[in-house]
Each structure stands twice: as C-alpha cells, then as structure tokens.
Undergrad: 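Before I ask anything, here is the structure I am working with.
A, B, ... follow the sequence lines: proteins, then strands. Residue 1 opens every chain.
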2 protein chains.
Amino acid sequence: MAAPRTARERARAELTRDIKDVALRQIAGSGAAGLSLRGISRELGMVSSAIYRYFPSRDDLLTAMLIDFYSELADALWAAQDTIAAEATRTSAGFRRRWVTVCTAMRDWALAHPHQFTLLYGTPVPGYRAPVDTTVPAERVMTAFSGIVDEAARAGLFTSVRALPDGESGLVGQLTAAGSLLGEQIPPEVLARTVAGLAQVIGMITLELGGHFVGGFEPADALFEHAATRLAETIER
Amino acid sequence: MAAPRTARERARAELTRDIKDVALRQIAGSGAAGLSLRGISRELGMVSSAIYRYFPSRDDLLTAMLIDFYSELADALWAAQDTIAAEATRTSAGFRRRWVTVCTAMRDWALAHPHQFTLLYGTPVPGYRAPVDTTVPAERVMTAFSGIVDEAARAGLFTSVRALPDGESGLVGQLTAAGSLLGEQIPPEVLARTVAGLAQVIGMITLELGGHFVGGFEPADALFEHAATRLAETIER
DNA sequence: CGAGAAGCGAGAGCGGCGCTCTCGTCTGGA
DNA sequence: TCCAGACGAGAGCGCCGCTCTCGCTTCTCG
C-alpha cells in the first residue's frame, strides 16, 4: 500500500475504504449472504456497475472482509492475552488461566460479531474458495492459541505426557511438520490436543450461535468456561 | 401421512416426493445456497409458480430437507452403533470403542454428504430460523452420543468422577435438566463432557470441511481418530 | 504544454432469483 | 350432475451479479 500521491489515487483509496465500511455494516447486519454490491452502491449514491472498478467481483470483496475479520479476531485474542502477560506462564495455573482467557475472548468476540465469526468458521460461501491471502491472518488466530502452549512447553510443563505411538498413519509426521510452523517446542502429542481443543472451542461457539443450545444450555457461559477449563487440563497431561 | 386415496392425492404425494428428490440433488451438488425453486421447476418441466402449490416458500422446502438430513444422519449413527451392539458396553474398553465408532460414523457421513452436514451444523441460512419440527430429529443425533454415555453410566463406569462444584452459575441445574431428557443416569459432570465432546467432533468436521486443515492436517483421518479416542478417555474420568 | 492513454461513472441490458396474482381447466365429493 | 377446490400456465414485480458501451476527467510522457 503505497501512499496515495495523486488526487485520483487518494479518491480511489477513500472510496475503497467506504465500500468496505458499508460492506462491513451489511455483513454485521444481515450476514455475508446479505452482502449485495447493488445495495452498497445504492448506499454510496453510485451506480452498481461502478463498484466493479474497485472490486472485480462480490467474492473479491468477501475476501477483503475475510482478511479484516481474521485480523480483528486475532487482535482481540492477543489483546486478551496481554492483559495477563505480566504474569509468567511458567506455572500450570498460569498456563490454564491464560488458555481459558483466550478461549473466552474468542467466544466474546464471536457473540459480539456473530456474522463475522460464521463467515470465518461457518459454511463456506457457495462457489467461493478462500484464496491464500487469507491464510496468513487465519494463522495468527491459530498461533494465539498455540503460542500459549508453546510457551508452556518451553517452561517444561509437559514432561509427563505419554508419547504418541508413531504408527503408519503419519500423524506424528503431520504434527511435527505443523508444529515447526507454530513453535518448535510443542511436542506432537500436545499439539494434537491443542488443535482438538481449538476445534472444541469453535464447535461450541458454532453450536451456540446456530441456536443448537436453546432450550438446553442457554446461556452457555458456565458450560463454556467449564469446558475451556477442562480443555486446559486435558492439554497439559 | 394417510394413504393417498384419490388420483389427485396420489399425484400430489408423488410430485412432493419428486420436488424433494430434485432439491436433495441440488443441495448435494451445490449446497443449500444453490437451492432454487426455479431450478427445480425447470428440471421437473413445470412453471416455477406451480412449486408454490407444494411448498409455500423456499424456507419450507429447506425445513423439509433439514428434517430428512437430521434423520438420515441419526440413522447412520445408530446403525454404526448396532454393528457393535452385541458387545456389551459394560467395560471401559467397550465404551471407548463404541464412542469412537459413533464419532467416526459422523465424520464419514459428513465427508460423504458435506453440503448436508453444513446445512445442519454450519451457518444458519440468512433469514431462516429452524422451526420446532426439526428439533426432534436433531435430538436423535444428540442421543446417539448421549445414549452411549448413559449406558456406560448405568454400568457404573463413572465412579471416580470429581463432582462439579455447584456454584451460582446454574450449570449443574442446566445439566440435570438436560440430562433428564437424555437419560437420568448421566451425572452432570459427565454430561458436560459429552456435550463438549460432541462440540469437538462437530468442530473438527467443520474445520475439515471448511478447508481449514489443508496444508496442515490433510488427510485428517489419523488426527480425528486420535482426538475421538482421547475424548472417550476424557469423558470417562 | 498538449496529446494520447488510462481511469472513471452512468446507463442499458443479460439472465438469474423468490414470490404473487390472475385465469382457464380439470377433478372429486355432495 | 354440478360446483367448489385444487391445479398449471403465464405475466409480472423487484431483487441480484455481472458485462458492455459511451462519454468525461485525470494523469503521464514526449
């Protein structure tokens, strides 16, 4: 993103921002499926075809939003961690507290931005396939979790972990390969639990947002916190 | 569903079936968002407005499909259990094996019917809210999991479970209330783990279907089976 | 500084969608 | 046998994503 020099470039950058702003409001209001280029252009007082000068297709606009949302979520998770970063994560209690904090931060963000969350982790939009540009911010979300585990591993918290049997499944290979991207110190068996744990967090939020808890576990605050706490224990031993 | 007597009734029942069949193909092919009443009518050689004699809106057709899919998934889960039903679930090993079997059956069904699965557990369709008719078959899916746990509880497998502290959160109350619908024998703390476990299974399948594992854990067979196995252990103690 | 290139918005138009309403026809029960 | 109700056809409403052409403006480069 070079600084806009000419008036044309400045106008273009501004309009691009405006389009994304309106798109954000549309998604926050009625979901990604309600995102309409015609609606945006109407709100911006321009003709629908003009939008295509800025985003060649609806999916490109969606991709831009996707990147924004991943980044926003990742920021929220890292910010939540920082509130207790002063406390070292060298102890078991510290690790657990930090893990639960990040899990809760994810749920809070999801409840505050349900449509954004479902766009990230819900049903992929029909013909849409997320381009590689989105994987970088998406990984920042993942590392918000794995970072905690990595730090705890460096502190030597996972000594009594039963080693994974390295069968012909290639699981250990997958895990060590993935682990080298996230932090060398995470033992494969611990990384497996971390991924499963993240899946559980996303699953519970998805179920809650999808209304699968109504009439049973609504509000799900207590259930969620309980599950996150147990998750931390599970990861650890 | 009374048996059709007149020719009119027979024709109506048949056409209703045909519409659902075509709708199923459309969803299986391009997802729920690609479901189009016009497309169905075209394939059926009739004019689009005629469809509305049978389903008053697109959402009503979606509801009918939803009920079918929940039932289909529940059937698959129960069928998978039945293959090892001869073996009693009185032992710890039996319980774990049965749990993993049902988890795997769910993943298998989801991989074979990705669009159906995402319709059930993915992003809710925009303005659509599932009517109560869908909760009955949806609960059959839940009970496919909780039934195993209930049986294990009856066999006295969960004796050494640390009791949940009954704080002011009301979690124990929620769990006992929900438990009374699923099987009186499940201790609240075990039910909490069961729900969290189901959330993890759904979460991992969602991530896999959403392509969040590509480049890291694809294929996810080994990771999934490992997670399901650990889940069974976690539920038990 | 002036001409050509490139960027831009407006407008018309394509085919698609869900859904509504009207109209003639057919069917089945009283 | 007759008539109410169910039915399919067709036209139409407003929405959508996307394309193409046409003039106007802005920038760049000789």
Undergrad: Between A:Tyr52 and B:Arg8, who's closer to the 5' end of DNA chain D by nearest nucleotide?
TA: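 Upstream on the strand: B:Arg8.
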Undergrad: If you look at every heavy atom in B:Arg107 and B:Phe224, which pair is closest and at what distance?
TA: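 Smallest interatomic distance, heavy atoms only, reads CD-CG, 3.4 Å.
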Undergrad: In terms of side-chain geometry, is the basic nitrogen of B:Asp21 or B:Arg17 positioned less than 4.0 Å from the acidic oxygen of its partner?
TA: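 Looking at B:Arg17 together with B:Asp21, the answer is yes, because their closest N to O distance falls below 4.0 Å.
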Undergrad: Would you kindly say whether B:Asp60 and B:Ser57 are connected by a side-chain donor-acceptor distance under 3.5 Å?
TA: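 Side chains of B:Asp60 and B:Ser57: pair found under 3.5 Å.
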Undergrad: Among the candidates C:dC17, D:dG17, D:dG8, find the nucleotide nearest to the side-chain atoms of B:Met46.
TA: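 For the B:Met46 side chain, the nearest candidate turns out to be D:dG8.
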Undergrad: Which is true for B:Leu61 with a 4.0 Å heavy-atom rule: it touches a base, it touches only sugar-phosphate, or it touches nothing?
TA: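 If one applies the 4.0 Å heavy-atom cut-off, B:Leu61 turns out to touch nothing in the nucleic acid.
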Undergrad: Write down the distance between CG (B:Asp60) and C1' (C:dG18), rounded to a whole number of angstrom.
TA: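 It works out to 13 Å between those atoms.
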Undergrad: Would you kindly check whether a donor in the side chain of B:Ser49 faces an acceptor in the base of D:dG10, or vice versa, at under 3.5 angstrom?
TA: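 Looking at the base of D:dG10, it does pair with a donor or acceptor on the side chain of B:Ser49 (distance under 3.5 Å).
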Undergrad: Rounded to the nearest 0.5 Å, how far apart are CH2 of B:Trp99 and OG1 of B:Thr234?
TA: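 B:Trp99 CH2 to B:Thr234 OG1: 10.0 Å, rounded to 0.5 Å.
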Undergrad: B:Leu35 near the nucleic acid: base, sugar-phosphate alone, or nothing, with a heavy-atom cut-off under 4.0 Å?
TA: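 Sugar-phosphate contact only.
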Undergrad: Given D:dG8, D:dC27, D:dG17, which nucleotide is nearest the side-chain atoms of B:Tyr54?
TA: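 Within the option list, the nearest is D:dG8.
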Undergrad: May I have the distance from A:Ile51 (atom CD1) to C:dG11 (atom P), rounded to whole angstrom?
TA: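 From A:Ile51 CD1 to C:dG11 P: 15 Å.
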Undergrad: Measure the distance from CD1 on A:Ile19 to P on C:dC8 and round it to the nearest whole Å.
TA: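 Atom CD1 in A:Ile19 sits about 11 Å away from atom P in C:dC8.
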Undergrad: Could you check how far CZ of A:Arg38 sits from P of D:dG14, rounded to whole Å?
TA: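 Whole-Å distance recorded here is 13 Å.
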Undergrad: Between C:dA10 atom P and A:Leu44 atom CG, what is the distance in whole Å?
TA: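 Checked: the CG to P distance equals 11 Å.
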Undergrad: Between D:dG17, C:dC19, D:dA6, which one does the side chain of B:Leu37 approach most closely?
TA: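 Selected nucleotide: C:dC19.
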Undergrad: What contact category does A:Ala7 fall into here, base, sugar-phosphate, or nothing, at under 4.0 angstrom with non-hydrogen atoms?
TA: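 Contact class for A:Ala7: sugar-phosphate only.
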Undergrad: Would you mind classifying the nucleic acid contact of B:Leu15 as base, sugar-phosphate or nothing, using non-hydrogen atoms under 4.0 angstrom?
TA: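 Sugar-phosphate contact only.
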Undergrad: What's the closest nucleotide to the A:Arg58 side chain, out of D:dA11, D:dC18, C:dG18?
TA: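 So the side chain of A:Arg58 is nearest to D:dC18.
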Undergrad: For A:Glu14 and C:dG7, give me the distance from atom CD to atom P, rounded to whole Å.
TA: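 Taking atom P of C:dG7 as the reference, CD of A:Glu14 is at 20 Å.
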Undergrad: D:dC18, C:dA10, D:dA6: which one has an atom nearest the side-chain heavy atoms of A:Val47?
TA: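 Closest nucleotide to the A:Val47 side chain: C:dA10.
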Undergrad: Round to a whole Å and report the spacing from CD of A:Gln26 to P of D:dC16.
TA: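 Those two atoms, CD and P, are 9 Å apart.
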Undergrad: Between B:Arg10 (CZ) and D:dA6 (P), how many Å, whole number?
TA: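 For the pair B:Arg10 CZ and D:dA6 P, the rounded distance is 18 Å.
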Undergrad: Quick one: label B:Ser57 by what it contacts on the DNA or RNA (base, sugar-phosphate, nothing), any heavy atom closer than 4.0 Å.
TA: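 Here B:Ser57 touches the backbone only, sparing every base.
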Undergrad: Is a donor on one side and an acceptor on the other found under 3.5 Å between the side chain of A:Arg98 and the backbone of A:Ile84?
TA: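 Judged by distance alone, no pair lies under 3.5 Å.
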Undergrad: Taking it one step at a time, do B:Leu37 and B:Tyr52 satisfy side chain to side chain contact (heavy atoms under 4.5 Å, CB included)?
TA: CA-CA 9 Å; B:Leu37 296 186; B:Tyr52 291 85; 3.4 Å; yes
Undergrad: Counting only distance, no hydrogens or angles, is the base of C:dG9 paired donor-acceptor with the side chain of A:Arg53 under 3.5 Å?
TA: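 Yes, a donor-acceptor pair under 3.5 Å.
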Undergrad: Under 4.0 Å, heavy atoms only, any strand: does B:Phe55 hit a base, just the sugar-phosphate, or nothing?
TA: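 Here B:Phe55 touches no strand at all.
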Undergrad: At less than 4.0 Å, is any side-chain N or O atom of B:Ser36 found next to OP1 or OP2 of C:dG18? Yes or no.
TA: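 Yes, because at least one side-chain N or O of B:Ser36 sits under 4.0 Å from OP1 or OP2 of C:dG18.
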Undergrad: Can a side chain N or O of A:Arg42 be found less than 4.0 Å away from OP1 or OP2 on D:dC16?
TA: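 Yes, such a contact exists.
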